[in-house]
Amino acid sequence: MMDKTFDPAAVEARIAAEWEEAQAFRAGRPDRAGAEPYSIMIPPPNVTGSLHMGHALNNTLQDVLARFERLRGKDVLWQPGTDHAGIATQMVVERRLAEQQQPDRRSLGRAEFVRRVWEWKAESGGTIVNQLKRLGASCDWSRERFTMDEGLSKAVLKVFVDLHAQGLIYRDKRLVNWDPKFQTAISDLEVQQVEVKGHLWHFAYPVVDEAGNETGETITVATTRPETMLGDTAVAVHPEDERYRALVGKSLRLPLVGRLIPVVADEYSDPEKGTGAVKITPAHDFNDFEVGRRHGLSQINVLDEEARISLEGNADFLEGSAPEPEALALHGLDRFKARERVVALMEERGRLVTIEPNTHAVPHGDRSGVVIEPYLTDQWYVNVKPLAERALQAVRDGRTRFVPETYEKTYFQWLENIEPWCISRQLWWGHQIPAWYDPEGNCFVASSEEEALAQAAAKHGRPVALRRDEDVLDTWFSSGLWPFSTLGWPDATPELARYYPTSALVTGFDIIFFWVARMMMLGLHALDEVPFRTIYIHALVRDEKGAKMSKSKGNVVDPLDLVDRYGADALRFTLAAMAAQGRDIKLSVQRVEGYRNFATKLWNAARFAEMNGCRLDPAFVPAGATQTLNAWALGEAARAVAEVTAAIEAYRFNDAANAAYRFVWNVFCDWYLELAKPVLQGEDGPAKEETRRTIAYMIDQICVLLHPFMPFLTEELWATKAREAGIERGLLALAAWPDLGALARPEAEAEIGWVVDLVSEIRSARSETSVPAGAQIPLVLVAPSEAVRERVGRWGDTVRRLGRIASIAIAEASPRNAVQLIVRGEVAALPLEGVVDLGAEVARLTKEDAKLGGEVAKIDAKLGNADFLARAPEEVVEEQRERREAAIARREKVREALTRLQG
């Protein structure tokens, strides 16, 4: 006997163990040797990570694809693994050392610190993998990889050495995002722009003549970062700005420093902004760096790695300068202390013109939380321009496609305007750059130290001691190789031949640049083939009001909390059902609870079937069903399978989930079981037996149909129903996707579909015209066709029971004061005189129609107001859009009811 309720907590771990024991998700199973391969590479989560709602969405959608294709008989590889996450992992271990009052990283030394990180990884690095398993992720866990595994490290070395040999990897001095806390370059992805209330300081720089004497004229510049003025090497004005045209080419004396700097004409300066004159500090601003390159300006770095002022012994700063003692006294000051001091010194010298309040975006490190500095350092770069051209062409040619297609534009824009990629990081945890230096500074790039020593010996004619570059590679470099390094490349493995290129990539839009584009570039470069055929880009999971989830807002929803409360299936189904292409998900706990109720509804339907003797019969041939009701139900199942299949194939996960939901809840539970009750409760005979077998068969098909979305519930029901019937069979995870195309029966659909539509219309009309729930009302069929007359003969009792109809009559014309119904082209009427006041109902509905029209117009005015759109929080704007949609939908219902009443 089935349990009264389905308890996810009691079932999920047991079923997961059964899958694991059967190696259900292993790629290359002997029984799939001749099958078509299907492969997906998991976007490797950080080894430091724990499951958040973005992971839950991303992995649910991947699992829907993996389970669906496995059911379709394919040899599925869903490749799991984690990313070493350089800066994040180093931070975790450093914090742990501090908490345990152990020596810090530098005291331990590199080798010991890296050993401690590996130790931490072995102890704590698998958290997110176990959490993914709780979600039901059907990865081939036997193949789990880590971006610093030996094989993956071999791939990293080969790509680096090859790109360097081809002149595409080089060392250069350029500006980078510098994190002064971690003292490393970081990627744009690790930089957060934070709105800060600051100031705009206006300083007067004196103009000098050819002899270096001040003319009495000044140019006023405005800056949010006064401390960087120590590194100014020019002031830029727009070429067409009449105010400054006579000064272009002349010199200014940099206050406090004494250095002469030119006035240059450059279109970067905006005449409409501030004073129209901009101080240029090439070593401390990305835009200024480009201006400096255009005009051949020197780059003077006045900060050290910890963002303190660095002037003593700074040859670049001192050259051509005559700094005041007070300026030199700034050496060693923190940048923000130095800012206060520079402003004070400029005020003392009469060079401070004015101070304006100024709210502006300031870059912060997403992990350190400190202000990021544009910082001039020697770093390793990849010239990605030639790689980007191939990656662009692959998408233009259709070898790889984006779903939704709109994301192609984002991809194209970034790759068409791509800059050199800074791949070095000043960390200890990561792939150490394979470059060695001799005492003269000559660099030797090689796959091993032995090779580098051989290169050096060949150059010098004798053995030479070498020092290895201390930097490590950007994490995105190794994760960019993920689709093929995990398959054993650079070795020619059978897995590489079978599963590359991969079938699909499922990822978020925020890493199109950082990960997707880099995998495309490196895959094409290394294997001359795209890494995936389709890139499905999903949107964000927001809170129920449409706001981004963040710890600071306190609106973060933990997916594991929802799994504990409602089960993994309910969460998975919610995420899939809301994953409309290109639209963010507004997650409410009520939706998850609703889909838990859906699971309960199916469980109760299966218990009802059990109690009514509906057991699986291996000899049952569904195409041979003779009862119209059963033929209709089987045809509806065929239609649902076709809809779900087409939707998953098109990556319309929400349409697939909703089609399955409608079929299970509305068609199977609400209609088929309801219409079958009289048969099940009637006398034994062929009709009853066929109905029982059909219901059992339908529950089996529902299990398969829902399995990609709700794997635990369906696996449990699949096993339960087999046990009930005494049938031995394998796991649902390895069963076959339904092929029900032959079960479509148009004549059965015409009959039962008419009954369903008629009862639905009656119920809708009763509700919209305020007919009392218990009232029995008459139904009149107006000039019905012969087919309808026959159907009424067979299904009249059912219509009366389900529609609360007192009588069914036939007339040649519709009676007065009746609500008209159009059902599949036939007219029916509900005479309501004496039951409801039709005039009052028309007046009420007309008033509601006008009110809803006014509400829509009011919202349209708001949404058409550019000022409202600019100022209102995104969740408020989204709420207005939803209110508009709801009002329009309700207005359609009201107008439909009016049409019926006035028919």
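All residue numbers refer to positions in the sequence shown, counting from 1.
Closest approach of G231 and R259 over heavy atoms only: C-NH1, 4.3 Å. Minimum heavy-atom separation, S310 to L303: CB-C, 4.0 Å. A pairwise comparison of heavy atoms in G198 and H360 identifies CA-CE1, 4.2 Å as the closest pair. Annotation for G292 and P282: closest pair CA-CG, 4.2 Å, computed over non-hydrogen atoms. Closest of all the heavy-atom pairs between M519 and S479 is CG-O, 3.8 Å. When all heavy atoms of W436 and A446 are compared, the closest pair comes out as CZ3-O, 3.5 Å.
The structure places CG of L230 at 9.5 Å from OG1 of T281, a figure rounded to the nearest 0.5 Å. Taking CG of N383 as the start and CD of E419 as the end, the distance is 10.5 Å to the nearest 0.5 Å. Taken to the nearest 0.5 Å, the CH2 atom of W414 stands 10.5 Å off from the CG atom of L392. Between W421 atom CH2 and F513 atom CZ the span is 15.0 Å, to the nearest 0.5 Å. The CD1 atom of I537 sits 4.0 Å away from atom CD1 of I512, with the distance rounded to the nearest 0.5 Å. In this structure, the separation between CG on L168 and CG on D162 is 10.5 Å, given to the nearest 0.5 Å.
A heavy-atom distance below 4.5 Å is not found between the side chains of V464 and F444. Annotation: side chain of L247 is in contact with side chain of E217 (closest heavy-atom distance under 4.5 Å). Between L473 and V156, some side-chain heavy-atom pair lies under the 4.5 Å cut-off. Counting heavy atoms from C-beta on, the side chains of Q90 and V117 never come closer than 4.5 Å.
Ring planes of H84 and W429: perpendicular class, angle over 60° (limits at 30 and 60°). In this pair, H164 and F160 present their aromatic rings parallel. The plane angle is below 30°, not in the 30 to 60° band.
With hydrogens and angles left out, the side-chain atoms of H202 and E356 include a donor and acceptor closer than 3.5 Å. There is a side-chain donor-acceptor pair under 3.5 Å between Q166 and H525. A side-chain donor from one of D469 and Y437 sits under 3.5 Å from a side-chain acceptor of the other. There is no side-chain donor-acceptor pair under 3.5 Å between N177 and Y375. Remark: the Q192 side chain and the D366 side chain contain no N/O donor-acceptor pair separated by less than 3.5 Å. For the 3.5 Å distance criterion, the side chains of D209 and T215 fail to qualify, holding no donor opposite an acceptor. A side-chain donor from one of D266 and H295 sits under 3.5 Å from a side-chain acceptor of the other. Residues D104 and S107 have side chains that bring a donor and an acceptor to within less than 3.5 angstrom of each other. Under 3.5 Å, the side chains of D179 and S368 contain a donor-acceptor pair of N or O atoms. For the residue pair Q413 / T410, no side-chain donor-acceptor distance below 3.5 Å is found, with atom types taken as modelled.
In this structure a side-chain-to-backbone donor-acceptor pair under 3.5 Å is missing from T147 to D83. Of the possible donor and acceptor atoms, none in the side chain of Q379 sits under 3.5 Å from a partner among the backbone N and O of V176. Between the side chain of H52 and the backbone N or O of G54, at least one donor-acceptor pair lies under 3.5 Å. Proximity of a side-chain donor or acceptor of S269 to a complementary backbone N or O of G276 within less than 3.5 Å is detected. Checked by atom type and distance alone, the side chain of H284 pairs as donor or acceptor with a backbone atom of V302 at under 3.5 Å. Counting only distance, with no hydrogens or angles, the side chain of D471 and the backbone of S424 share no donor-acceptor pair below 3.5 Å. Within the 3.5 Å criterion, the main-chain N or O of E306 finds a donor-acceptor partner in the side chain of D304. Between the side chain of H364 and the main chain of V370, no donor-acceptor pair closer than 3.5 Å is present. Side chain of T475 to main chain of G86: a donor-acceptor pair is present (N/O by atom type, distance under 3.5 Å, no hydrogens or angles).
No more than 12 heavy atoms of other residues, nucleotides or ligands shown are found within 6.0 angstrom of NZ on K459. Enclosure of atom CD in E440 by more than 12 non-hydrogen atoms of other residues, nucleotides or ligands within 6.0 angstrom is indicated. Sparse packing is recorded around CD of E347, with 12 or fewer heavy atoms of other residues, nucleotides or ligands lying under 6.0 Å away. The local environment of NZ in K273 is sparse, with at most 12 non-hydrogen atoms from other residues, nucleotides or ligands closer than 6.0 Å.
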Could you go through the side chain to side chain contact (heavy atoms under 4.5 Å, CB included) check for I309 and R339 one step at a time? CA-CA 10 Å; I309 300 296; R339 178 178 298 179; over 6 Å; no
Could you walk me through whether I186 and I372 pass side chain to side chain contact (heavy atoms under 4.5 Å, CB included), step by step? CA-CA 9 Å; I186 61 174; I372 295 303; 3.6 Å; yes
Applying side chain to side chain contact (heavy atoms under 4.5 Å, CB included) to I418 and M521, what does each step give before you reach the verdict? CA-CA 12 Å; I418 200 163; M521 291 189 287; 4.1 Å; yes
Side chain to side chain contact (heavy atoms under 4.5 Å, CB included) between W380 and V445: does it pass, once the steps are laid out? CA-CA 12 Å; W380 287 92; V445 169; 4.0 Å; yes
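The pair K173-D378 meets the salt-bridge criterion, since a charged nitrogen lies less than 4.0 angstrom from a carboxylate oxygen. The residues R341 and E326 are annotated as not salt-bridged, no charged nitrogen and carboxylate oxygen being separated by less than 4.0 angstrom. E94 has no carboxylate O lying under 4.0 Å from a charged side-chain N of K181, or vice versa, which leaves the two without a salt bridge. Electrostatic pairing of K279 and E227 does not count as a salt bridge here, judged by no charged N lying under 4.0 Å from a carboxylate O. Under the 4.0 Å criterion applied to side-chain N and carboxylate O atoms, E470 and R425 are not assigned as salt-bridge partners. A salt bridge is defined here as a Lys NZ or Arg NE, NH1 or NH2 lying under 4.0 Å from an Asp or Glu carboxylate O, and D241 with R243 meets this definition.
A cation-pi arrangement is absent between R253 and Y205, since the terminal nitrogen or guanidinium carbon is not both under 6.0 Å from the aromatic centre and inside a 45° cone about the axis. A cation-pi arrangement is absent between R518 and W482 under the rule of less than 6.0 angstrom and at most 45 degrees off the ring axis.
Not counting sequence neighbours, Y244 has no partner by the ring pair (Phe, Tyr, Trp, His ring centres under 6.0 Å) test.
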